[in-house]
Asks: 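Below is a structure I'd like to ask you about.
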Number of protein chains: 2
Amino acid sequence: MLIGTFSERTGCHIETIRYYERIKLLPKPPRTEGRHRLYDREQVKQLMFIRRSRELGFSLDEIRILLLLVDGKQYTCLEVKTITEAHLEDVKRKIADLRRLQKTLAAISGQCEGGLVPDCPIIDTLFSE
Amino acid sequence: MLIGTFSERTGCHIETIRYYERIKLLPKPPRTEGRHRLYDREQVKQLMFIRRSRELGFSLDEIRILLLLVDGKQYTCLEVKTITEAHLEDVKRKIADLRRLQKTLAAISGQCEGGLVPDCPIIDTLFSE
DNA sequence: CTTGCATCTGTAGTTCCTACAGGTTTTATC
DNA sequence: GATAAAACCTGTAGGAACTACAGATGCAAG
């Protein structure tokens with residue numbers, strides 16, 4: 001598949017795909033005779049993983065490590081354990097934060113149900129020190 | 001409290017705090033006679049909210065809107081419903097993605113338990129098309 | 001009163017994209 | 001098979017969200 005289709009399937013802009021290739025986050029794909037890039041399904045999965053991880057707030061460097069982890073063979077067992085455990089903590093915290101945000105948003109939306117504009121400082125009870 | 005303490009309590013770099021003030025995400029704080037910034041607990045909450053939202057992948061513009069939402073009185077009831085509902089969808093998807101990531105990481109970590117370096121392509125079954 | 005640390009303003013650099021400009025390749029149409 | 005439109009190419013410049021100085025000022029302690 002050409003880069004346009006690849007872009008559509010992954011929801012990733014064409015420019016971003018070329019950027020990821022430049023910084024070596026994605027491997028250099030084979031080309032057609034006219035030098036157009038060619039991708040397959042395997043790479044769709046990989047780019048989806050990258051895109052979603054980015055949306056979840058992981059940096060490209062963190063994603064680079066995650067990809068190597070999932071790929072296996074780049075790290076020793078101890079390193080794998082250390083890195084995954086750290087990420088697991090991070091992921092748990094993010095889930096907890098998102099749940100709280102979800103509740104707040106639902107509460108705000110609910111208050112509006114009756115035609116009232118919400119005015120209580122809900123934020124106070126959330127994301128506090 | 002001075003900006004140093006404020007920075008510690010929120011986990012936000014001093015430069016970032018000043019940057020947020022410059023782009024009007026944070027209000028201009030009162031100053032001491034020597035022009036040093038003064039913050040209170042209320043602002044700690046607000047900045048924590050901003051920081052965590054950023055970690056969860058929201059843009060500063062989205063956060064600006066979230067802050068106005070939570071603050072009330074900036075939007076009509078219909079606007080509030082529309083915006084919160086859109087964000088709720090987004091939040092739900094993020095939680096689902098994080099859960100899958102959590103499972104993957106746990107699986108990787110688990111495989112290592114026995115001293116084995118993981119080598120199966122777990123990524124294939126996750127974050128696919 | 002001076003030494004050292006925190007803060008100040010301002011600017012330049014980094015990361016992660018995003019948007020052209022100007023040129024080539026492919027594909028659809030006549 | 002000519003040609004026009006769409007998709008692709010490389011390269012560079014711009015934008016968002018920080019981050020890291022440099023050089024000056026404020027302030028508390030010895």
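Lettering of chains follows the sequences in order, A, B, ..., and the numbering in each one begins at 1. Worth knowing before you read on, the calculation uses all heavy atoms, side chains too, and leaves out hydrogens, waters and symmetry mates. Bear in mind the structure is a predicted one, so any value in this text is a computation, not a measurement.
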Asks: Between Glu89(B) and Arg93(B), is there a salt bridge with N-O shorter than 4.0 Å?
Replies: no

Asks: If we ignore hydrogens and angles and just use 3.5 Å, is the side chain of Arg51(A) paired with the main-chain N or O of Thr10(A) as donor and acceptor?
Replies: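 Indeed, once roles are kept as given, a pair shorter than 3.5 Å links the two residues.
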
Asks: With distance as the sole test, does Arg52(A) use its side chain to make a donor-acceptor pair with the main-chain N or O of Asp97(B) at under 3.5 Å?
Replies: no

Asks: So does Phe49(B) get a backbone contact from the side chain of Ser53(B), meaning a donor-acceptor N/O pair under 3.5 Å?
Replies: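 Such a contact is found between Ser53(B) side chain and Phe49(B) backbone.
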
Asks: Tell me the interatomic distance from Leu2(A), atom CG, to dT27(C), atom P, rounded to whole angstroms.
Replies: 8 Å

Asks: Measure the distance from CD1 on Ile3(A) to P on dT25(C) and round it to the nearest whole Å.
Replies: 17 Å

Asks: Taking the side chain as everything from C-beta on, heavy atoms only, tell me whether Pro29(A) gets closer than 4.5 Å to Phe6(A).
Replies: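 No; the side chains remain at least 4.5 Å from each other.
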
Asks: Can you tell me how far P of dT25(C) sits from CZ of Arg37(A), to the nearest Å?
Replies: 14 Å

Asks: Would you tabulate the pairs of protein nitrogen or oxygen atoms and nucleotide nitrogen or oxygen atoms of nucleotides 15-20 of chain C closer than 3.5 angstrom?
Replies:
residue: dC16(C); atom: OP1; partner: Leu60(A); partner atom: N; Å: 3.3
residue: dC16(C); atom: O3'; partner: Arg54(A); partner atom: NH1; Å: 3.0
residue: dC17(C); atom: OP2; partner: Tyr20(A); partner atom: OH; Å: 2.7
residue: dC17(C); atom: OP2; partner: Arg54(A); partner atom: NH1; Å: 3.3
residue: dC17(C); atom: O5'; partner: Tyr20(A); partner atom: OH; Å: 3.4
residue: dT18(C); atom: OP2; partner: His13(A); partner atom: ND1; Å: 3.3
residue: dT18(C); atom: OP2; partner: Thr16(A); partner atom: OG1; Å: 3.4

Asks: Measure the shortest side-chain to side-chain distance between Leu105(A) and Ile83(B) over non-hydrogen atoms and say whether it is less than 4.5 angstrom.
Replies: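 The answer is no, as the side chains (C-beta and beyond) never meet within the 4.5 Å cut-off.
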
Asks: When the distance from CD of Glu21(B) to C1' of dT7(C) is rounded to whole Å, what number comes out?
Replies: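 That distance rounds to 13 Å.
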
Asks: Testing Val44(B), Leu2(B), Leu47(B), Ile17(B) one by one against Tyr39(B) for a side-chain contact (heavy atoms from CB on, under 4.5 Å), which residue passes?
Replies: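 Output: one option passes, namely Ile17(B).
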
Asks: Quick check for you: to the nearest 0.5 Å, what is the distance between Leu56(B) atom CG and Asp90(B) atom CG?
Replies: 10.0 Å

Asks: Which two nucleotides bound the region of DNA chain D that has atoms under 4.0 Å from heavy atoms of chain B, read 5' to 3'?
Replies: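 The contacted stretch runs from dA17(D) to dC27(D).
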
